[in-house]
Every structure is written in structure tokens, then in C-alpha cells.
Amino acid sequence: MMLTLLFAAVLFFVAHLILIFTSFGKRGYHPYKYFWSHGTLWLAGILVSILLFNYSGKGVSSMADVFDTPFKKILPVLVAFALSLIAHAVVKFLVLPGYSSGSRQH
């Protein structure tokens, strides 16, 4: 089960990368892909936290055992949300103004 959760988290993270990079292109800004890029990042963080709550401190993985407090176990979710907020601010204030001022408006 641990490897299944880890594999699913990696797949969601890869999906996040694909969606974020294809959200902006020659055809303009794709808000639906952009929204799902955030969602897949959040799901990856949630899956990692579930993995940590189930396997941390049980000697199954020395890496998981580092996350030995409840705060450390929810840290992947918090990091995912923080990265999402930072990325959204960058897109809103730096990327989208370039799209609306150019001919790439969607």
C-alpha cells in the first residue's frame, strides 16, 4: 500500500507539471488546465500526508520516519498549498498581464 500511495503521488505530481506547462501557450491561457494543475498538486500533497500518517514511525521507511509529529505529517499538504499560492500570485501578477497586453488573449 505504501508504494501504491507513493506511485499515485508521483503520478499526480507529473500530471501537475504537464498541466501547468500546457496551461500557457500559443493559443493563450487555458484556465481549466491551470485549475487542474493546482488540484493535482494538492492531491499529491494529500497522498503523501496519508502515506506519512499510515507509515511514519513504523520502521517501514527511514525517510517516512523523519516525519514523526502530526505537524510534520501534514507538512506536504501545507507545502503544496503554499507553492500553489505562490504560483498563482506569479501567474496573476506577472504572466497574465503579458497575455492580456499581447495578442494571445483567450
Side-chain angles (χ1 to χ4, degrees):
M1 184 66 166
M2 181 177 173
L3 290 178
T4 303
L5 286 169
L6 185 59
F7 185 71
V10 169
L11 283 179
F12 274 108
F13 187 74
V14 169
H16 158 72
L17 293 175
I18 291 168
L19 287 168
I20 196 75
F21 286 123
T22 59
S23 294
F24 307 95
K26 293 180 182 179
R27 292 184 172 166
Y29 166 63
H30 303 280
Y32 188 74
K33 282 184 180 182
Y34 181 68
F35 169 77
W36 279 107
S37 72
H38 287 284
T40 53
L41 178 63
W42 301 338
L43 286 171
I46 290 167
L47 287 171
V48 171
S49 286
I50 291 170
L51 181 146
L52 293 173
F53 273 102
N54 286 331
Y55 297 102
S56 178
K58 296 188 177 164
V60 176
S61 166
S62 59
M63 179 63 110
D65 288 343
V66 171
F67 297 86
D68 54 354
T69 65
F71 176 75
K72 288 180 183 177
K73 291 176 184 177
I74 63 165
L75 203 52
V77 172
L78 298 176
V79 169
F81 283 122
L83 288 174
S84 191
L85 285 172
I86 292 166
H88 185 67
V90 167
V91 167
K92 183 175 181 177
F93 296 114
L94 299 176
V95 175
L96 287 181
Y99 271 88
S100 61
S101 67
S103 61
R104 296 182 183 180
Q105 192 172 17
H106 184 212

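Just so we're clear, the structure is a prediction, and the values are computed from it rather than from any experiment. Nothing fancy with the numbering, it's 1 onward along the sequence.
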Worksheet entry | Nearest-0.5 Å distance that lies between atom OG in Ser37 and atom CD1 in Ile18 | 11.5 Å

Fill in: NZ on Lys33 to CD1 on Ile20, rounded to 0.5 Å
11.5 Å

Discussion item. Would you say Val10 ends up clustered with Val79 if hydrophobic residues are merged whenever their side chains have heavy atoms under 4.5 Å apart, either directly or through other cluster members?
Written reply: no

Item to complete: Give a yes or no on whether Val48 and Leu75 share a hydrophobic cluster (residues Ile, Leu, Val, Met, Phe, Trp, Tyr; joining criterion: side-chain heavy atoms under 4.5 Å apart).
Response: no

Worksheet entry | Atom of Ala87, atom of His38 and distance for their closest heavy-atom approach | CB-CE1, 4.4 Å

Discussion item. Does Tyr55, at its OH atom, have more than 12 non-hydrogen atoms belonging to other residues, nucleotides or ligands within less than 6.0 Å?
Written reply: yes

Worksheet entry | Beyond-backbone contact of Phe81 with Val77, side-chain heavy atoms, under 4.5 angstrom | yes

Fill in: Residue pairs fulfilling side-chain hydrogen bond (donor to acceptor under 3.5 Å, both in side chains) with at least one residue in residues 39-54, sequence neighbours excluded
Trp42-Ser84

Fill in: Donor-acceptor side-chain pairing of Tyr34 and His30 below 3.5 angstrom
no

Worksheet item: Would you say Phe7 has more than 12 foreign heavy atoms packed within less than 6.0 Å of its CZ?
Response: no

Discussion item. Please check this pair: side chain of Asp65 against backbone of Gly57, looking for a donor-acceptor N/O pair closer than 3.5 Å.
Written reply: yes

Item to complete: Any chance you could measure Ile74, atom CD1, to Leu52, atom CG, to the nearest 0.5 Å?
Response: 11.0 Å

Worksheet entry | Over all atoms of both residues, closest heavy-atom pair of Gly45 and Pro76 | O-CB, 3.7 Å

Worksheet item: So which heavy atom on Leu83 is nearest to which on Leu41, and how close?
Response: CB-CD2, 4.2 Å

Worksheet item: With the 4.5 Å side-chain cut-off for hydrophobic clustering, are Phe12 and Leu5 part of the same group?
Response: yes

Fill in: Linked, directly or transitively: Phe35 and Val90 (ILVMFWY side chains, under 4.5 Å)
no

Item to complete: Show your working on side chain to side chain contact (heavy atoms under 4.5 Å, CB included) between Phe71 and Leu78 and close with a plain yes or no.
Response: CA-CA 10 Å; Phe71 176 75; Leu78 298 176; 3.7 Å; yes

Discussion item. For the CH2 atom of Trp36 and the OG1 atom of Thr22, what is their distance to the nearest 0.5 Å?
Written reply: 14.0 Å

Fill in: Same apolar cluster: Met1 and Leu51, side chain cutoff 4.5 Å
yes

Discussion item. Tell me if the CZ atom of Phe53 is crowded by more than 12 foreign heavy atoms within 6.0 Å.
Written reply: yes

